[in-house]
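Scope of the values below: all heavy atoms of this structure, side chains included, with no hydrogens, waters or symmetry mates.
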Amino acid sequence: MAISICFSLLLIFLSQFPSSHAEPFIGVNYGQVADNLPPPSETAKLLQTTSIQKVRLYGADPAIIKALAGTGVGIVIGAANGDLPSLAADPNAASQWISANVLPFYPASKIILITVGNEVLLSTDPNLANQLLPAMQNVQKALEAASLGGKIKVSTVHAMSVLGVSEPPSSGSFASGYQAGLKGVLQFLSDTGSLFAVNPYPFFAYQSDPRPETLAFCLFQPNAGRPDHNTGITYMNMFDAQVDAVHSALKSMGFEKVEIVVAETGWASRGDPNEVGPSVDNAKAYNGNLIAHLRSMVGTPLMPGKSVDTYIFALYDENLKTGPSSERAFGLFKTDHSMAYDVGLAKSSTGSSSSNSSSQTPSGKVTSTGWCVPKKGATDEQLQSSIDWACGQGIDCGPIQPGGACFEPNNVASHAAFAMNMYFQKSPKRTTDCDFSQTATITSQNPSYNSCVYPGGGGGGAGSAGVMNKYVNSDKLESKKNGAVEPKVYSSLSFLIIIMSLILHVYVMGR
């Protein structure tokens, strides 16, 4: 009995801390406007070789839903815009939709969200917008009637253009023409604990403002940043700025606590000659740096400490889509299951994969003398941008993820020092490789500490033993820049071990 209690306590304790192998915030859109896609069963196998944890469908294809059964992959299914009139007018139609598209598959297939319509408010049919909320309500009631109301959420997906103001992010607000229709939808999301789904695309933001500095801002690359004078925050990437603008818009209508999910975002790898932005390099930079940013768990300036659930567009190219060539070139994978380009999603290549390297001290051939570390005075926003960029360049940032040898102290400066140095050591012997928009410098002082060893200095990374990383200090060890206190894992574990020992002692003495 006592042993059973101890084991239960241990499980409860461990469940409070995220596994470094789980990345539930990374999802992908699975579009099907194509005639050359592999069978769903093959796609399910492909997904299991990646760190992708969620898939969004635009419909409710039973073959795909069934193929994902038992994989643990979260599934978002959708009711099409054409379904809205019947779903809104007849509760029985909603019940039939749930009976056909959910009940035969759940819970073996992990359906987590139903999106009712896609970018409905932009429709030229005014009746469709009026039918949106009643349709959502009827789908919710049908779920509740099937005892699934608290297990599967209901939402709808919006384009970024529902915002009338997005700059600066703190002034974000919904366009006046949409506010009346949104109020009821937002109240529904708040009442049901559901999510506001939106499609931010830095890709399109760059196309409307194709300056070099805009491209760096959109690709998470080192840049001067864009200040929000209302808050004093300097934004270092367009993704954060767009998501925070949505957060501010929700707040302006009294729904600050409604969580945001990024239903679509991505970058085209090719396009027509007259299109600005599409290229393999840009697509790899955006998606790779976005994934690195999400893995950092830093969040956005207005929503720090947690990564927003993000569905990247898209799993495959869709060769039957109309419009410019870029519309058919967002795929992360080719239909033969090979990568279109590597953004670190394969389990064997990510810091959160099953590889043991992520929790070990990094090694590697030293190609430079000295160590690359942040300059004094560099802001957390600048350093986080450098982390995102460096980790998107193919270096192993696993050691600064939870469970890694260099994760503690969990602060931006320490993580930036590691990421900057790893990039520098893997690059040619150029001082420009330790620049990071003038926020880094080369030092002869070994920043290694405890079991976290920084390669460099011409000696394989060990350097002078006992030299303490200057970024390790008590005031940063347990607190993040937003004031949130990090859990003292080792202290809590010690406490649990003591409690377990006492229980076992009482058990033994009583026998």
Side-chain angles (χ1 to χ4, degrees), residues 23-33 47 52-61 64-65 73-81 83-84 110-123 129 132 135-136 139 152-163 166 172 174 178 181-182 185-186 188-189 192-205 238-247 249-250 255 258-268 286-287 290-291 293-294 299-300 303 306-316 318 321 327 330-332:
E23 294 176 341
F25 41 79
I26 297 178
V28 69
N29 287 270
Y30 188 171
Q32 296 176 268
V33 187
L47 289 170
I52 295 169
Q53 294 291 304
K54 297 178 181 177
V55 170
R56 178 189 170 211
L57 308 180
Y58 291 85
D61 188 319
I64 297 176
I65 299 172
V73 173
I75 308 168
V76 179
I77 60 175
N81 289 358
D83 294 330
L84 262 62
K110 190 180 175 183
I111 299 170
I112 57 175
L113 176 68
I114 299 171
T115 56
V116 179
N118 187 50
E119 300 185 350
V120 172
L121 296 184
L122 303 187
S123 172
L132 177 59
M136 294 172 67
V139 171
I152 300 174
K153 298 184 183 300
V154 176
S155 188
T156 188
V157 180
H158 304 279
M160 276 295 291
S161 53
V162 297
L163 267 64
S166 59
F174 293 110
Y178 298 131
L182 278 169
V185 171
L186 294 177
F188 170 87
L189 299 179
T192 60
S194 193
L195 311 160
F196 185 85
V198 67
N199 299 337
Y201 272 97
F203 172 71
F204 295 122
M238 181 66 79
F239 179 83
D240 281 355
Q242 290 184 329
V243 172
D244 272 358
V246 175
H247 175 73
L250 291 170
F255 295 97
V258 172
E259 290 192 25
I260 297 169
V261 59
V262 173
E264 278 185 31
T265 191
W267 201 285
Y286 177 73
N287 288 316
L290 169 63
I291 291 167
H293 183 56
L294 294 173
T300 70
M303 297 180 291
K306 179 184 178 182
S307 291
V308 174
D309 283 5
T310 300
Y311 293 79
I312 298 173
F313 187 87
L315 184 58
Y316 301 115
E318 295 175 84
K321 294 190 78 170
E327 285 292 313
F330 278 84
L332 295 172

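- The backbone N or O of D244 lies less than 3.5 Å from no partner atom in the side chain of T300, so there is not a single donor-acceptor pair.
- Side chains of E264 and Y201: a donor-acceptor N/O pair is present below 3.5 angstrom, by distance only.
- Separating the NZ atom in K321 from the CD atom in E327 is a distance of 5.0 Å, to the nearest 0.5 Å.
- You'll find the side chain of V76 stays beyond 4.5 Å of the side chain of K54, heavy atoms only.
- Two residues are said to be in side-chain contact when any heavy atoms from C-beta on lie closer than 4.5 Å; V157 and R56 meet this criterion.
- Between atom CE of residue M136 and atom OG1 of residue T115 there is a gap of 9.5 Å, rounded to the nearest 0.5 Å.
- The two residues A314 and V28 make their nearest non-hydrogen contact at C-CG2, 3.8 Å.
- With a 4.5 Å cut-off on side-chain heavy atoms, L122 and S161 count as touching.
- When atom types are taken as modelled, the side chain of E318 and the backbone of Q32 share a donor-acceptor pair closer than 3.5 angstrom.
- The shortest heavy-atom contact between T156 and G117 is OG1-O, 3.3 Å.
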Give the C-alpha distance, both sets of side-chain angles, the deciding distance and a yes or no for side chain to side chain contact (heavy atoms under 4.5 Å, CB included) between D240 and H293. CA-CA 10 Å; D240 281 355; H293 183 56; 2.9 Å; yes
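- In terms of heavy-atom proximity, T310 sits nearest to L290 at CG2-CD2, 4.2 Å.
- Within the 4.5 Å cutoff, no side-chain heavy atoms of I64 are placed close to those of I75.
- Looking at I52 and I312, their side chains never come closer than 4.5 Å, going by heavy atoms from C-beta outward.
- No donor-acceptor distance shorter than 3.5 angstrom exists from the side chain of N81 to the backbone of V120, with no hydrogens or angles considered.
- The line from CD of Q53 to CG of D309 is 11.0 Å long, rounded to the nearest 0.5 Å.
- Listed here is the closest heavy atom pair of T265 and P202: OG1-CD, 3.8 Å.
- In terms of the side chain to side chain contact (heavy atoms under 4.5 Å, CB included) criterion, residue partners of S194 (sequence neighbours excluded) are, by chain and number, L113, K153, S155, L189, T192.
- Taken from CD1 in I77 to CD1 in I111, the straight-line distance is 4.5 Å, to the nearest 0.5 Å.
- Distance alone, capped at 3.5 Å, is enough to place a donor-acceptor pair between the N29 side chain and the A263 backbone.
- Classified by interplanar angle (parallel below 30°, tilted 30° to 60°, perpendicular above 60°), the ring pair F330/F204 is tilted.
- Of the possible donor and acceptor atoms, none in the side chain of N199 sits under 3.5 Å from a partner among the backbone N and O of M160.
- Here the CD atom belonging to Q242 is positioned 16.0 Å from the NE2 atom belonging to H247, to the nearest 0.5 angstrom.
- When all heavy atoms of I260 and L250 are compared, the closest pair comes out as CG1-CD1, 3.7 Å.
- For the atom pair F174 CZ and L186 CG, the distance stands at 5.5 Å (nearest 0.5 Å).
- The only member of F203, W267, F239 that meets ring pair (Phe, Tyr, Trp, His ring centres under 6.0 Å) when paired with Y286 is W267.
- Between F196 and F255, the gap from one ring centroid to the other reaches at least 6.0 Å.
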